[in-house]
Amino acid sequence: MTTERLDQPRDLRRSLRPHYDPEAFGRLSERIARFLGTARFLVYMTVFVVVWVSWNVAAPASFQFDPYPFIFLTLMLSLQASYAAPLILLAQNRQDDRDRVQYEQDRQTSERNRADVEYLTREIAGLRLALGEVATRDYLRSELQRLGEELKESR
């Protein structure tokens, strides 16, 4: 097992396998999956199929390229579906991964908020206890009035 050193340039290696960026491919698959789920795509496909069938029914026999059972049309639609399904699944998996990360961040935020609320609750309870021991303005006034009355009575 060789580890890549960051302080040295990479060796140039020629590979027969094509290189692709999985992240770029994932973004492309999401764009395609979003497009496949739109009304615009359904309209385009409907127009395509109607034109295909109309051409192969109404055109002269020499211009028809896919006669009535429309085998080639079926093949084309099957091919489109065979590519669309994995792209849609890939896009859903990427969305699930994003949702999982978002859920984890929300859970951590919730835990921090709960800890903050518990801390503030304890602080408020401590302040209430401390205020119970502090003389208030009304208490001091009443004590001063009582002492003033005692002084008047003692003269």
Side-chain angles (χ1 to χ4, degrees), residues 1-60 63-142:
M1 179 175 150
T2 61
T3 58
E4 217 174 281
R5 293 194 50 173
L6 297 177
D7 61 340
Q8 295 177 355
R10 290 183 181 168
D11 292 333
L12 294 176
R13 288 185 230 137
R14 298 283 179 184
S15 175
L16 297 177
R17 294 184 324 185
H19 175 71
Y20 75 99
D21 180 14
E23 190 63 27
F25 185 75
R27 285 192 302 269
L28 176 66
S29 69
E30 286 178 341
R31 289 179 57 201
I32 292 171
R34 274 192 215 104
F35 176 69
L36 292 177
T38 62
R40 178 184 297 172
F41 173 75
L42 292 175
V43 169
Y44 289 164
M45 282 303 292
T46 303
V47 168
F48 175 77
V49 170
V50 167
V51 167
W52 184 293
V53 170
S54 300
W55 180 271
N56 287 292
V57 169
F63 290 112
Q64 292 180 359
F65 57 90
D66 190 21
Y68 165 64
F70 307 119
I71 303 297
F72 189 53
L73 175 63
T74 304
L75 176 67
M76 296 298 290
L77 293 176
S78 297
L79 182 66
Q80 183 269 332
S82 70
Y83 276 98
L87 289 175
I88 291 170
L89 288 175
L90 178 61
Q92 286 176 342
N93 288 341
R94 287 173 53 88
Q95 185 62 45
D96 288 344
D97 292 343
R98 280 194 297 272
D99 291 344
R100 194 173 9 268
V101 168
Q102 184 64 43
Y103 170 75
E104 182 62 26
Q105 290 174 348
D106 289 347
R107 189 186 62 74
Q108 290 172 354
T109 301
S110 176
E111 286 177 0
R112 279 194 306 271
N113 288 342
R114 182 178 296 132
D116 289 346
V117 167
E118 288 175 2
Y119 170 76
L120 291 173
T121 302
R122 285 191 299 273
E123 287 295 313
I124 289 172
L127 288 174
R128 284 184 177 166
L129 289 174
L131 281 177
E133 298 170 1
V134 173
T136 62
R137 183 178 59 192
D138 294 335
Y139 175 75
L140 289 176
R141 278 190 186 149
S142 66

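Owing to the predicted nature of the structure, the values given are computational and were not obtained by experimental measurement.
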(request) Using a cut-off of 6.0 Å, state whether more than 12 heavy atoms not belonging to Phe65 lie near its atom CZ. (result) yes
(request) Evaluate whether atom CZ of Arg98 has more than 12 neighbouring non-hydrogen atoms of other residues, nucleotides or ligands under 6.0 angstrom away. (result) yes
(request) Go through the side-chain N and O atoms of Arg112 and Thr109 and say whether any donor and acceptor fall under 3.5 Å apart. (result) yes
(message) Suppose the criterion is side chain to side chain donor-acceptor pair (under 3.5 Å): which pairs have a residue in residues 50-60, not counting sequence neighbours?
(response) Trp52-Asp66
(request) Please name all residues satisfying side-chain hydrogen bond (donor to acceptor under 3.5 Å, both in side chains) with Gln108, sequence neighbours left out, ordered by chain then number. (result) Glu104
(request) Give, for atom CG of Leu129 and atom CD1 of Ile124, the distance between the pair rounded to the nearest 0.5 Å. (result) 12.5 Å
(message) To the nearest 0.5 Å, what is the distance between CZ on Phe70 and CG on Leu75?
(response) 15.0 Å
(message) Listing request: all side chain to side chain donor-acceptor pair (under 3.5 Å) pairs with a residue in residues 67-93, at least two apart in sequence or in separate chains.
(response) none
(request) Can you tell me which residue pairs pass the salt bridge (charged side-chain N to carboxylate O under 4.0 Å, His left out) test with a partner in residues 67-96, sequence neighbours excluded? (result) Glu23-Arg94, Glu30-Arg94
(request) List in chain and number order the residues that pass side-chain hydrogen bond (donor to acceptor under 3.5 Å, both in side chains) with Asp99, two or more places apart in sequence or in another chain; answer none if no residue qualifies. (result) Gln95
Going by atom type alone, with no hydrogens or angles, which donor-acceptor pairs under 3.5 Å involve a side-chain atom of residues 34-50 and a protein atom two or more places apart or on another chain?
| unit_1 | atom_1 | unit_2 | atom_2 | d |
| --- | --- | --- | --- | --- |
| Thr38 | OG1 | Phe35 | O | 2.7 |
| Thr38 | OG1 | Phe41 | N | 3.2 |
| Thr46 | OG1 | Leu42 | O | 2.7 |

(request) Could you grab the distance from atom CD1 of Ile88 to atom CD1 of Ile32, nearest 0.5 Å is fine? (result) 10.0 Å
